[in-house]
2 protein chains.
Amino acid sequence: MQHYQDQDHFLVALDCIIFGFDGEELKLLLIKRDFEPERGNWSLMGGFLQKKESLDTAAGRILNNLTGIKDIFLEQLHAFGEVNRDPEERTISIAYYALIDVNSHDKELVKQHSASWFSIHDLPELIFDHQQMVEAALKRLRHKAAHEPVGFELLPDKFTLPQLQKLYESIYNTDLDKRNFRRRVLSMGVLVNTKEKQKNYSKKGAFLYKFDEDEYSKKLDNGDSTVFKPIKN
Amino acid sequence: MQHYQDQDHFLVALDCIIFGFDGEELKLLLIKRDFEPERGNWSLMGGFLQKKESLDTAAGRILNNLTGIKDIFLEQLHAFGEVNRDPEERTISIAYYALIDVNSHDKELVKQHSASWFSIHDLPELIFDHQQMVEAALKRLRHKAAHEPVGFELLPDKFTLPQLQKLYESIYNTDLDKRNFRRRVLSMGVLVNTKEKQKNYSKKGAFLYKFDEDEYSKKLDNGDSTVFKPIKN
DNA sequence: GCAAAAGTGTTAGAACTACACCCATGC
DNA sequence: GCATGGGTGTAGTTCTAACACTTTTGC
């Protein structure tokens with residue numbers, strides 16, 4: 001009935017929606033495209049799948065090309081396959097989204113790609129269906145951050161509770177009550193107070209916390225599905 | 001930097017995880033593969049992407065080939081792209097999952113494909129990475145059914161509350177309290193009692209309800225995010 | 001009349017929301 | 001000493017979970 005050799009073959013691309021947080025706002029890393037079509041326009045970082053790499057590997061490679069970092073949160077979002085989404089040639093694009101600490105990337109590489117960070121609320125026009133990809137990624141991030149502790153991926157190893165709250169406020173574009181927020185994140189029992197204080201931002205200084213990954217997975221293994229309670233809703 | 005013409009091209013396949021509910025158990029529709037490799041083994045229904053169709057269209061075509069039905073719940077799940085997932089030739093497979101009323105499909109077509117329904121808790125060995133796809137689909141269904149009213153897709157147009165409860169119980173493989181379940185689904189205000197009674201199953205008979213799609217989307221439009229409250233958790 | 005499934009309320013505990021003041025420090 | 005951001009507790013309300021009996025009807 002079906003024969004492999006008779007079938008059409010396709011270009012397969014990977015596009016990365018790269019989220020970052022600068023302490024104030026949720027941001028997106030975009031590049032200025034340096035090849036046709038759409039040369040010079042803003043675009044997600046992308047690249048083509050190669051014969052001997054898996055999708056996840058390829059997405060990691062592409063992300064690494066731009067940021068110089070490895071081992072970061074990177075998750076498949078959705079495959080986009082409208083017939084004319086790329087006018088040059090039919091291309092199936094598999095979108096991934098990444099969460100990075102905005103200060104951990106290689107500034108040189110970013111400069112080479114003429115990339116820069118944009119506020120999520122003030123994006124330039126994007127090529128092809130990249131706008132749609134960004135919207136889907138934001139939706140996913142909002143959902144994910146409400147149910148699993150991924151927020152930490154966007155912060156440095158040690159962070160303060162006011163920082164964490166600002167992050168959530170910018171993800172959901174809303175204000176949260178300080179006391180309720182603290183009570184909630186602390187009640188999960190996966191944040192540890194390092195007793196160090198960060199003093200550059202405020203006069204009083206705020207305690208630095210770490211996310212206790214081991215404790216979190218231990219709780220998950222124990223079937224404790226209430227470790228992380230929705231922050232929104 | 002990147003040139004379309006130098007890039008590798010790939011086979012792109014679509015595989016459908018087809019869920020059904022027979023009133024007792026959650027089921028999966030599988031086919032006996034009639035071509036090499038793995039001829040004669042159990043497999044998800046699949047097919048190759050063609051040049052002039054989008055991913056969603058192709059998935060719908062493939063589903064229609066097996067069941068004869070259109071316009072049903074069909075959603076992209078995940079793209080699977082391990083290098084050796086198909087030993088015959090490198091293939092990127094984009095998995096979709098479908099929810100259908102188990103009695104609405106074309107029995108002839110199903111017979112032609114030597115397809116049959118299996119209990120989700122008693123599946124045969126599947127080819128390639130199809131096992132993994134099924135697990136991902138089940139996880140997604142559980143998540144989705146807890147947050148959005150998709151359960152109805154697996155039932156006839158009119159259904160009774162005991163049926164609906166059985167469905168949820170089989171999706172989550174657990175028992176639910178009858179009174180709490182009813183209170184909850186009715187409190188969403190998206191089920192309407194048709195006042196008809198279904199009398200074939202029990203002596204007393206149970207009222208048939210319909211899902212009020214208009215009312216649901218009206219509530220969503222009004223920003224009422226509490227229309228559908230998680231059934232589990 | 002009895003077996004089998006449908007239908008119905010209440011209560012205690014937990015979680016959620018809203019809200020206002022003191023603390024520590026740098027200038 | 002004052003301005004700035006960090007930190008803390010309570011009370012009313014809502015939501016959740018646990019629980020048992022009556023109703024209808026076919027046989």
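Quick caveat: nothing in here was measured; it's all calculated off a predicted structure. The chains referred to below are lettered A, B, ... by the order of the sequence lines, with proteins before strands, and numbering in each begins at 1. These values consider heavy atoms only, across backbone and side chains, with no hydrogens, waters or symmetry-generated copies.
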Notebook entry, point to check: In whole angstroms, how far is the C1' atom of C:dG7 from the OH atom of B:Y201?
Noted result: 15 Å
Check: More than 12 non-hydrogen atoms from neighbouring residues, nucleotides or ligands closer than 6.0 Å to NZ on A:K139, yes or no?
Finding: no
Checklist line | Side-chain donor or acceptor of A:Y209 paired with backbone N/O of A:T194 under 3.5 Å | finding: no
Notebook entry, point to check: Is there a donor in the side chain of A:H143 and an acceptor in the side chain of B:H143, or the other way round, less than 3.5 Å apart?
Noted result: yes
Notebook entry, point to check: How many Å lie between CZ on A:F207 and P on D:dG7, as a whole number?
Noted result: 7 Å
Margin query: Looking only at the side chain of B:N180 (C-beta and beyond, no hydrogens), which of the listed nucleotides C:dT8, D:dG9, D:dA17 gets closest?
Written below: D:dA17
Item checked: Short side-chain donor-acceptor distance under 3.5 Å, A:Q112 and A:E108 -> no
Check: Taking OP1 and OP2 of C:dC19, is either one under 4.0 Å from a side-chain nitrogen or oxygen of A:R179?
Finding: no
Next item on the list: May I ask you to decide whether B:E169 forms a salt bridge with B:K166, counting only side-chain N to carboxylate O separations under 4.0 Å?
Entry: no
Next item on the list: Counting heavy atoms from C-beta on, name the nucleotide in D:dC19, C:dG7, C:dC19 closest to the side chain of A:D177.
Entry: C:dC19
Item checked: Gap between atoms CZ and P, on A:R182 and C:dC16 respectively (whole Å) -> 18 Å
Next item on the list: Could you state the atom-to-atom distance from CE of A:M188 to P of C:dC16 in whole Å?
Entry: 9 Å
Next item on the list: Could you state the atom-to-atom distance from CD of A:Q198 to P of C:dT25 in whole Å?
Entry: 15 Å
Margin query: Taking the side chain as everything from C-beta on, heavy atoms only, tell me whether A:F80 gets closer than 4.5 Å to A:R85.
Written below: yes
Check: Can you tell me how far P of C:dA14 sits from CZ of A:R183, to the nearest Å?
Finding: 16 Å
Check: Could you state the CG-P distance from B:N193 to C:dT8, rounded to the nearest angstrom?
Finding: 9 Å
Item checked: Donor on one side chain, acceptor on other, A:E25 and A:S170, under 3.5 Å -> no
Distances for protein N or O near nucleotides 23-27 of chain D N or O, under 3.5 Å:
| residue | atom | partner | partner atom | Å |
| --- | --- | --- | --- | --- |
| D:dT23 | O2 | B:K204 | NZ | 3.1 |

Notebook entry, point to check: Once you round it to whole Å, what is the distance between P of C:dG9 and NZ of B:K178?
Noted result: 13 Å
